[in-house]
Protein chains: 2
Amino acid sequence: MRARHDQTPLGFESSPGLEVETYTLIRQINSLMETHNRYDLRREDLTVPQFQILNYATPEGVPLSEISVRMLCDNSNLTGIVDRLIAKGYVERRPDPQDRRVSLICLTLSGAEKLRSIRPRHHESISQRMQKLSKHEVSQLRNLLHTLFEGLQSSDEEK
Amino acid sequence: MRARHDQTPLGFESSPGLEVETYTLIRQINSLMETHNRYDLRREDLTVPQFQILNYATPEGVPLSEISVRMLCDNSNLTGIVDRLIAKGYVERRPDPQDRRVSLICLTLSGAEKLRSIRPRHHESISQRMQKLSKHEVSQLRNLLHTLFEGLQSSDEEK
DNA sequence: GGATTATCTTTGCATAATGAACTATAACAT
DNA sequence: ATGTTATAGTTCATTATGCAAAGATAATCC
């Protein structure tokens, strides 16, 4: 009566194929999760990327480009976001005495305090949204995603 | 000796927990895949969202808000992207005779031709990037993601 | 029927993201 | 040492995205 579960996951029209369907689900889940995150962080006067940078910053300071590598984005993104975090008093820019090209992104006391107050609830919220999956299923999912991620990364490295 | 596979997937600093780690992988994979897609579509003079809208448009026309529901984004996003697709001649806006509020997004002949020439290669490219996973693993992954997606959607519906 | 309420789209503003160009500094190579 | 190449960060232009507000039209409620 039906080969699919119950409805075509939205995202592509014609005979997507299993891989495309899988990727479409990844896109859609990512989108829904981000919407939730945005909504949660809104009350904290933080955007999603702002919160992310906050998570990478340390009191001692981290080079901006190290953050951009970890966030898989371009340096030029971060300039503006860091500016807004500085305006809110959560991070500072400090020159690296070792290398005068780099500016270190330093978590302020206020930023560390903010993180402490937000992060546990935020992680809790993410976990709750995955309750439809059992612990074992989440673990299985993690392993599959991990393999996929490594495949994508290694194929990128070979130029 | 090690509870984790081999390295903490980047994305959060302190004791992420399995669910957060899994979500982080979803974000990272989505990001890498989108980068590939952007690169692929670049040669076709299309952006990722432009290509997506093209996939939802039909010759008969689809209401803009139907596309935004399927793309999980706001109506207001699409206005500009559709404008650019119109400028490229791939879609048209036509008023709906039934309901004068809606404007139908219609795929032009040129747009349909473009799609025909791009889509197979694009899908092929996506499949290839997932080669690290066996057919069975992809299927397993799809099922887990599908469950997760449905859980997220239903929890959204209950306001 | 007229008022209220809901829906569809666009507009304006703020934030974000990519890519290319540019400045400054560092590392390297002969 | 000097000239070349590489790296770190910013700036700018274009595109995208979300949210709030507004205008037009439709549906609903007495």
Side-chain angles (χ1 to χ4, degrees), chain A residues 27 30-54 61-88 91-106, chain B residues 27-28 30-54 61-88 91-105:
Chain A
R27 257 202 296 112
N30 189 65
S31 173
L32 290 182
M33 290 291 281
E34 190 159 326
T35 299
H36 278 280
N37 289 341
R38 186 171 38 248
Y39 184 81
D40 285 353
L41 291 170
R42 210 181 153 70
R43 286 172 305 177
E44 310 291 346
D45 193 36
L46 281 178
T47 66
V48 171
Q50 280 166 22
F51 176 68
Q52 242 178 306
I53 292 184
L54 224 50
V62 181
L64 185 119
S65 55
E66 187 176 323
I67 298 182
S68 71
V69 167
R70 291 162 74 86
M71 284 179 62
L72 305 177
C73 75
D74 196 87
N75 265 347
S76 58
N77 288 339
L78 301 189
T79 302
I81 307 176
V82 167
D83 286 346
R84 277 159 227 132
L85 282 174
I86 290 175
K88 295 179 182 179
V91 300
E92 288 172 2
R93 253 188 270 256
R94 274 210 292 270
D96 183 346
Q98 314 298 309
D99 183 340
R100 294 195 303 175
R101 290 171 300 180
V102 347
S103 82
L104 299 170
I105 310 302
C106 306
Chain B
R27 257 202 297 113
Q28 292 173 324
N30 188 65
S31 172
L32 290 182
M33 290 291 281
E34 190 160 327
T35 299
H36 278 279
N37 290 341
R38 184 169 41 246
Y39 184 80
D40 285 353
L41 291 170
R42 211 181 153 69
R43 285 171 306 176
E44 309 291 346
D45 193 35
L46 281 178
T47 66
V48 170
Q50 281 167 20
F51 176 68
Q52 242 178 307
I53 292 185
L54 223 51
V62 181
L64 184 117
S65 55
E66 187 177 323
I67 300 182
S68 71
V69 167
R70 292 162 74 84
M71 283 178 62
L72 304 178
C73 75
D74 196 86
N75 264 346
S76 59
N77 289 337
L78 302 188
T79 302
I81 306 175
V82 167
D83 286 346
R84 275 159 228 132
L85 282 175
I86 291 176
K88 294 178 183 180
V91 299
E92 288 171 3
R93 253 188 271 254
R94 274 209 293 270
D96 183 346
Q98 314 298 309
D99 184 340
R100 295 195 302 176
R101 290 171 301 181
V102 347
S103 83
L104 299 170
I105 310 304

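All values below come from the heavy atoms of this structure, side chains included, with hydrogens, waters and symmetry mates left out. Letters A, B, ... mirror the listed sequences (proteins, then strands); counts begin at 1.
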Could you tabulate the donor-acceptor pairs under 3.5 Å formed by side-chain atoms of residues 71-78 of chain B, not counting sequence neighbours?
residue  : atom : partner  : partner atom : Å
Asp74(B) : OD2  : Ser76(B) : N            : 2.9
Asp74(B) : OD2  : Ser76(B) : OG           : 2.6
Asn75(B) : OD1  : Ser68(B) : OG           : 2.9

Atom-pair distance ([atom1] on [X]; [atom2] on [N]), nearest Å:
{"X": "Asp45(B)", "N": "dT14(D)", "atom1": "CG", "atom2": "C1'", "result": "13 Å"}
{"X": "Leu46(B)", "N": "dT14(D)", "atom1": "CG", "atom2": "C1'", "result": "15 Å"}
{"X": "Asn37(B)", "N": "dT15(D)", "atom1": "CG", "atom2": "C1'", "result": "16 Å"}
{"X": "Leu41(B)", "N": "dA16(D)", "atom1": "CG", "atom2": "P", "result": "12 Å"}
{"X": "Arg94(A)", "N": "dG9(D)", "atom1": "CZ", "atom2": "C1'", "result": "18 Å"}
{"X": "Asp83(A)", "N": "dT15(C)", "atom1": "CG", "atom2": "P", "result": "11 Å"}
{"X": "Asp96(A)", "N": "dA24(C)", "atom1": "CG", "atom2": "C1'", "result": "14 Å"}
{"X": "Asn75(B)", "N": "dG23(D)", "atom1": "CG", "atom2": "P", "result": "18 Å"}

Looking only at heavy atoms, which two atoms of [X] and [Y] are closest? And how far apart?
{"X": "Gly61(A)", "Y": "Cys106(A)", "value": "CA-SG, 3.6 Å"}
{"X": "Ile105(A)", "Y": "Arg93(A)", "value": "CD1-CG, 4.0 Å"}
{"X": "Asp96(A)", "Y": "Gln98(A)", "value": "OD1-N, 2.8 Å"}
{"X": "Asp45(B)", "Y": "Lys88(B)", "value": "O-NZ, 2.8 Å"}

Could you check whether any side-chain heavy atom of Pro63(B) comes within less than 4.5 Å of a side-chain heavy atom of Leu104(B), counting everything from C-beta outward?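 Side chain of Pro63(B) against side chain of Leu104(B), heavy atoms only: contact under 4.5 Å found.
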Can you check whether Ile86(A) reaches Glu92(A) side chain to side chain, under 4.5 Å on heavy atoms?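 Not touching, per the 4.5 Å side-chain cut-off.
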Of the listed nucleotides (dT10(C), dT15(D), dA8(D)), which one gets closest to any side-chain atom of Arg93(B)?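 Of the options given, the side chain of Arg93(B) lies nearest dT10(C).
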Under 4.0 Å from OP1 or OP2 of dT9(C): is there any side-chain N or O of Ser65(B) that close?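 For dT9(C), OP1/OP2 do have a side-chain N/O of Ser65(B) under 4.0 Å.
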Does dA16(D) have OP1 or OP2 under 4.0 Å away from a side-chain N or O of Gln50(B)?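 So the side-chain polar atoms of Gln50(B) do come within 4.0 Å of the phosphate oxygens OP1 or OP2 of dA16(D), strictly under.
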Just checking Asp99(A): base, sugar-phosphate only, or nothing, at a heavy-atom cut-off of under 4.0 Å?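 Sugar-phosphate, no base atom in range.
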B/S/- contact track for nucleotides 17-23 of chain C, protein heavy atom under 4.0 Å: BBBB---
Side-chain (Ser31(A)) to main-chain (Arg27(A)) donor-acceptor, under 3.5 angstrom: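 Not at all, since once roles are kept as given, no pair shorter than 3.5 Å links the two residues.
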When rounded to the nearest 0.5 angstrom, what distance separates CD in Gln52(A) from CG in Leu54(A)?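 Here the rounded value is 11.0 Å.
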Taking five pairs at each end, how big is the angle between the two axes of the helix from dG1(C)-dC30(D) to dT30(C)-dA1(D), to 10°?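 End-to-end axis angle: 20°.
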Report the residue (Arg101(A) or Thr79(A)) whose heavy-atom-nearest nucleotide on DNA chain D is the more 5′ of the two.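 The 5'-side residue here is Arg101(A).
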Under 3.5 Å donor-acceptor pair, Arg100(B) side-chain atoms to dT25(D) base atoms: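 Check fails, no donor-acceptor contact within cut-off.
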